[in-house]
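Quick notes on the structure that follows.
Lettering follows sequence order; numbering is per chain, from 1. Hydrogens, waters and symmetry mates are skipped; everything else that's a heavy atom, side chains included, is used.
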Amino acid sequence: MPELPEVQTVVSQLEQKIVGKKIKDVWSDWKKKILPSFSTFTKQVKGACILGTRRYGKHIVIDLDNEYSLVVHLKMTGHFLVKDEANRTTKAFTEDPVNGYIHHIVTFIDGTTLEFSDMRKFGWLHTMKTEEVETLASIVSLGRDALSPNFTEKYLRDVLSGKKKQMIGAILLDQNIIAGIGNIYRSEALFLAGILPTRRVETLTKNEWPRIVPAIKKVLRQALKLHGMSDGDFRDTDGLEGRFQQTLYVYGRGDKPCKKCGTIIERKKIGQRSVFYCPHCQK
DNA sequence: AGTGGCTCCTGAGCGC
DNA sequence: TGCGCTCAGGAGCCAC
């Protein structure tokens with residue numbers, strides 16, 4: 001569920017909230033998702049201070065001042081909560097069931113905690129030398145970041161020149177081509193671009209090509225502004241929902257009328273994932 | 001090269 | 001009421 005806008009929301013909030021803090025202790029009740037091991041993790045982070053945060057596609061990187069870094073993937077339902085004396089008992093933390101699946105906790109010496117809630121336990125944390133972060137397999141293989149200036153129509157055309165038979169809907173999900181898009185924003189971006197997800201790359205016209213990259217950037221920027229979307233499980237570090245779901249045109253709207261033309265939105269599977277599209281607005 | 005299926009995991013929603 | 005089924009989904013992996 002967390003895609004680029006949600007992950008960037010978390011990275012920005014962590015930058016504001018935990019940089020400079022010193023780690024006192026760590027705890028986990030789901031150690032199999034801490035790599036390379038919980039004991040290594042403990043040794044490498046205890047006593048270190050947070051230097052800063054970064055994002056690679058959907059990966060979160062938390063750099064420490066001891067030459068180690070913590071790389072995190074939220075996968076589907078993972079999210080970070082930052083709790084302190086002042087906010088620990090807010091309703092978002094105590095009453096929202098989505099925030100109640102805490103499996104990992106980092107405690108700072110000032111009493112603040114960085115907690116990782118993850119209902120489905122797919123998310124992972126991986127400690128390594130800071131200099132090794134960019135060599136991690138799932139990071140080194142990433143395509144250009146969807147919001148980076150170097151993600152351009154030319155880049156997309158070049159990288160897709162060897163993938164003419166693939167469906168554009170599958171392309172948008174491929175992190176090794178474009179980093180950051182997930183199942184929600186691929187449907188939304190293709191709606192904005194007016195292109196059916198099932199279209200093969202080789203059939204895209206000269207009028208359609210220039211619409212793809214701007215549509216992707218537009219939908220991601222809009223979502224980022226609203227702290228992402230939380231139809232399901234995403235929460236920001238305050239435990240609060242994003243607001244983008246109110247602006248969805250097609251995702252999750254199967255059998256409902258298109259907000260632009262009234263045609264019934266259809267749903268289909270590409271791979272194992274649902275894509276939603278308007279058969280009238282998208283060609 | 002391009003698909004399809006399985007896996008990790010849990011909760012929601014459904015049919016009976 | 002409660003059981004069992006299916007689905008949701010990021011991404012790696014394997015098979016055809």
Distance in angstrom units between A:Lys268 NZ and B:dG4 P, rounded: 12 Å

Dump the pairs, protein N or O against N or O of nucleotides 10-12 of chain B, anything under 3.5 Å, distances to one decimal.
unit_1, atom_1, unit_2, atom_2, d
B:dT10, OP1, A:Lys121, NZ, 2.7
B:dT10, O2, A:Arg120, NE, 3.1
B:dG11, OP1, A:Tyr101, OH, 3.4

For A:Leu81, the rest of its hydrophobic cluster, which grows through side-chain links under 4.5 angstrom: A:Trp27, A:Phe93, A:Ile102, A:Ile105

Side chain to side chain donor-acceptor pair (under 3.5 Å) involving A:Ser187 - partner list, sequence neighbours excluded: none

Nearest-Å distance for atom pair OH/C1', residues A:Tyr185 and C:dG10: 15 Å

Of residues 164-171 of chain A, the positions that come close to DNA chain C - non-hydrogen atoms, cut-off under 4.0 Å: none

Pair A:Lys46 + A:Asp25: basic N to acidic O under 4.0 Å: yes

N/O (side chain, A:Lys269) to phosphate O (OP1/OP2, B:dG4) under 4.0 Å: no

Base of B:dC9 and ring of A:Phe122 stacked, centres under 5.5 Å, planes under 30°: no

Side chain to side chain donor-acceptor pair (under 3.5 Å) partners of A:Ser138, counting only residues at least two apart: A:His59

Identify the pairs formed between an N or O of the protein and an N or O of nucleotides 11-15 of chain C at a distance under 3.5 Å, and give each distance.
unit_1, atom_1, unit_2, atom_2, d
C:dA11, OP1, A:His73, NE2, 2.6
C:dA11, OP2, A:Lys58, NZ, 2.8
C:dA11, OP2, A:Gln175, NE2, 3.4
C:dA11, N7, A:Arg273, NH2, 2.2

A:Lys22 to A:Phe108, cation-pi by 6.0 Å centre distance and 45° axis angle: no

Under-4.0 Å side-chain N/O to phosphate OP1/OP2 contact, A:Arg267 with C:dA8: yes

Intermediate values then yes/no, side-chain contact (heavy atoms from CB on, under 4.5 Å), A:Lys256 and A:Ile264: CA-CA 5 Å; A:Lys256 292 182 180 149; A:Ile264 298 301; over 6 Å; no

A:Phe234 and A:His79 aromatic ring geometry - parallel, tilted or perpendicular at 30°/60° bounds: perpendicular

Interatomic distance, A:Ile270 CD1 vs C:dG10 P [rounded to whole Å]: 14 Å

Separation of C:dG10 P from A:Leu172 CG (nearest whole Å): 13 Å

